[in-house]
Novice: 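Can you keep this structure in mind? I'll have questions shortly.
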Protein chains: 2
Amino acid sequence: MKNRNTIQGALILEKVKNLKGHACAEEIYEAVTHEHPNISKATVYRNLNRLSEQGQIHKIEVPGSPDNFEFRTVLHYHVKCERCGRIFDVDMPYNHHLEDHIANKHGFIFTGHDIIFKGFCPDCQKDLHKKHNY
Amino acid sequence: MKNRNTIQGALILEKVKNLKGHACAEEIYEAVTHEHPNISKATVYRNLNRLSEQGQIHKIEVPGSPDNFEFRTVLHYHVKCERCGRIFDVDMPYNHHLEDHIANKHGFIFTGHDIIFKGFCPDCQKDLHKKHNY
DNA sequence: CTGACTGCAAACTCTTTGCAAACCA
DNA sequence: TGGTTTGCAAAGAGTTTGCAGTCAG
């Protein structure tokens, strides 16, 4: 039940730590591949999930997009571009007490929340302007 | 480009309207099957997506769960049980101006947001109490 | 030694798509 | 008729899982 130190696990954690923002499993897989070409994608998924269960990294689940992972100390929200599907950070303080405002909890135990904003990123705004095909 | 009135489309819209809460495509497919046994799942998906694009119904996208659909007039939020994965409505007023509080919009155009709370539903709390296997 | 971890491939879930036939206007 | 919609099956994306071999403690 306890962790073993494997090269793969260490590399994956390191890659996520060195990310500026977030990346999906595929991107992390590619980054690790450079140093450890034989790694399997299943191992990347297993390590990412293990690390996020242990709270060492954070998994951002966004519908319709692959899961993203990031190493962070401060919780924050994300926005998904409705056109290109990319995920960006949102510059808004995390509200730790949002669930306190729920009127009738119906016996639910609330453990947290995610907010996913929708919108159009600058790149896609340019494209839409040009192409008028939306 | 304009809609045709098909039996399938009418049945699907009716089923969603008659839902008390939300249901996923699979559940709607099963409901429609009772009256129209030959319907294909692809048709259900196509109609649900069409209806939600036209704003006649609303699609709730939740990471890790199948998309849910509902007929509603008032926007609201949802909570996903971390154990059974079911989706429930949350008793909290929708904040239409949440995106106004974003400090630096980085050129993004925000069009809306979803909040997905996490927690444990009453049923699963009972189970956890009993089984202690979480 | 022994259980945890790995690599590989296959399985899985949910959803979309290609295509010919059926259908509505 | 002519463009939509349907049913079917196959494809697709992302992720998980079964299994035998490998490795850390």
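Fair warning: this is a prediction, and the values are worked out from it, not measured in the lab.
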Novice: Dump the intermediate steps for salt bridge (charged side-chain N to carboxylate O under 4.0 Å, His left out) on B:K59 and B:E53, then the final yes or no.
Specialist: CA-CA 9 Å; B:K59 182 196 255 189; B:E53 273 164 30; over 6 Å; no
Novice: In whole angstrom, what separates A:I7's CD1 from D:dT22's C1'?
Specialist: 12 Å
Novice: Does A:T6 put a side-chain nitrogen or oxygen below 4.0 Å from OP1 or OP2 of C:dT6?
Specialist: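 Yes, within the criterion.
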Novice: Would you kindly give the CD1-to-P distance between B:I60 and C:dC14, to the nearest whole Å?
Specialist: 16 Å
Novice: Quick one: is D:dT15 close enough that its OP1 or OP2 comes under 4.0 Å of any side-chain N or O from A:Y45?
Specialist: yes
Novice: Rounded off to whole Å, could you give me the CG-to-P distance for the A:N38 and C:dC8 pair?
Specialist: 6 Å
Novice: Please tell me if B:R50 has a side-chain N or O lying less than 4.0 Å from either OP1 or OP2 of D:dT5.
Specialist: yes
Novice: Let me know the distance between CG of B:L11 and P of D:dT5, rounded to the nearest Å.
Specialist: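 So the two atoms are 16 Å apart, to the nearest Å.
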Novice: Out of C:dT16, D:dG7, D:dG18, which has the shortest distance to the side chain of A:R46?
Specialist: D:dG18
Novice: Which nucleotide, C:dT15, D:dT15, D:dT6, lies nearest any side-chain atom of A:D67?
Specialist: D:dT15
Novice: Assign each of A:G9 and B:K59 to its nearest nucleotide of DNA chain C by heavy atoms, then name whichever residue's nucleotide is nearer the 5' end.
Specialist: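 Comparing both residues, the 5'-ward one is A:G9.
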Novice: In whole angstrom, what separates B:K41's NZ from C:dT13's P?
Specialist: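 Going from NZ in B:K41 over to P in C:dT13 covers 10 Å.
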Novice: Atom CD1 of A:I28 and atom C1' of D:dG14: how far apart are they, to the nearest Å?
Specialist: 14 Å
Novice: With side chain to side chain contact (heavy atoms under 4.5 Å, CB included) as the test, pick out the partner of A:Y77 among A:I116, A:N95, A:D114.
Specialist: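 Between A:Y77 and the candidates, side chain to side chain contact (heavy atoms under 4.5 Å, CB included) is satisfied uniquely by A:N95.
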Novice: Please walk me through it: do A:V32 and A:Q8 pass side-chain contact (heavy atoms from CB on, under 4.5 Å)?
Specialist: CA-CA 8 Å; A:V32 175; A:Q8 293 90 338; over 6 Å; no
Novice: Could you state the atom-to-atom distance from CD of B:Q54 to P of D:dT4 in whole Å?
Specialist: 13 Å
Novice: Picking from D:dT15, C:dC5, C:dG7, which would you name as closest to the side chain of A:N3?
Specialist: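 The listed nucleotide nearest to A:N3's side chain is C:dC5.
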Novice: Would you tell me if any nitrogen or oxygen in the side chain of A:T43 comes within less than 4.0 Å of OP1 or OP2 on C:dG7?
Specialist: yes
Novice: Considering only side-chain heavy atoms of B:A42, which listed nucleotide, D:dT16, D:dA9, D:dT6, is closest?
Specialist: D:dA9
Novice: Does D:dC23 have its OP1 or OP2 closer than 4.0 Å to a side-chain nitrogen or oxygen of A:Q8?
Specialist: no
Novice: OP1, OP2 of C:dT6 versus side-chain N and O of A:N47: anything below 4.0 Å?
Specialist: yes
Novice: For the residue pair A:E27 and A:N68, confirm or rule out a side-chain donor-acceptor distance under 3.5 Å.
Specialist: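 A:N68 and A:E27 do not have a side-chain donor-acceptor pair below 3.5 Å.
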Novice: Side chain of B:N49, heavy atoms from C-beta onward: which of D:dG7, C:dT15, C:dT16 has the nearest atom to it?
Specialist: C:dT16
Novice: Under 4.0 Å: is that the gap between some side-chain N or O of A:N5 and OP1 or OP2 of D:dG25?
Specialist: yes
Novice: Between B:C24 and A:S40, which has a closest nucleotide on DNA chain C that is more 5'?
Specialist: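 Per heavy-atom nearest nucleotide, the more 5' residue is A:S40.
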Novice: Please tell me whether B:H22 and B:D89 have a donor and an acceptor in their side chains that are separated by less than 3.5 angstrom.
Specialist: yes
Novice: Separation of B:E61 atom CD from C:dC14 atom C1', in whole Å?
Specialist: 12 Å
Novice: Might you work through the side-chain contact (heavy atoms from CB on, under 4.5 Å) test for A:Y94 and A:H113, ending with a clear yes or no?
Specialist: CA-CA 10 Å; A:Y94 187 89; A:H113 68 273; 3.6 Å; yes
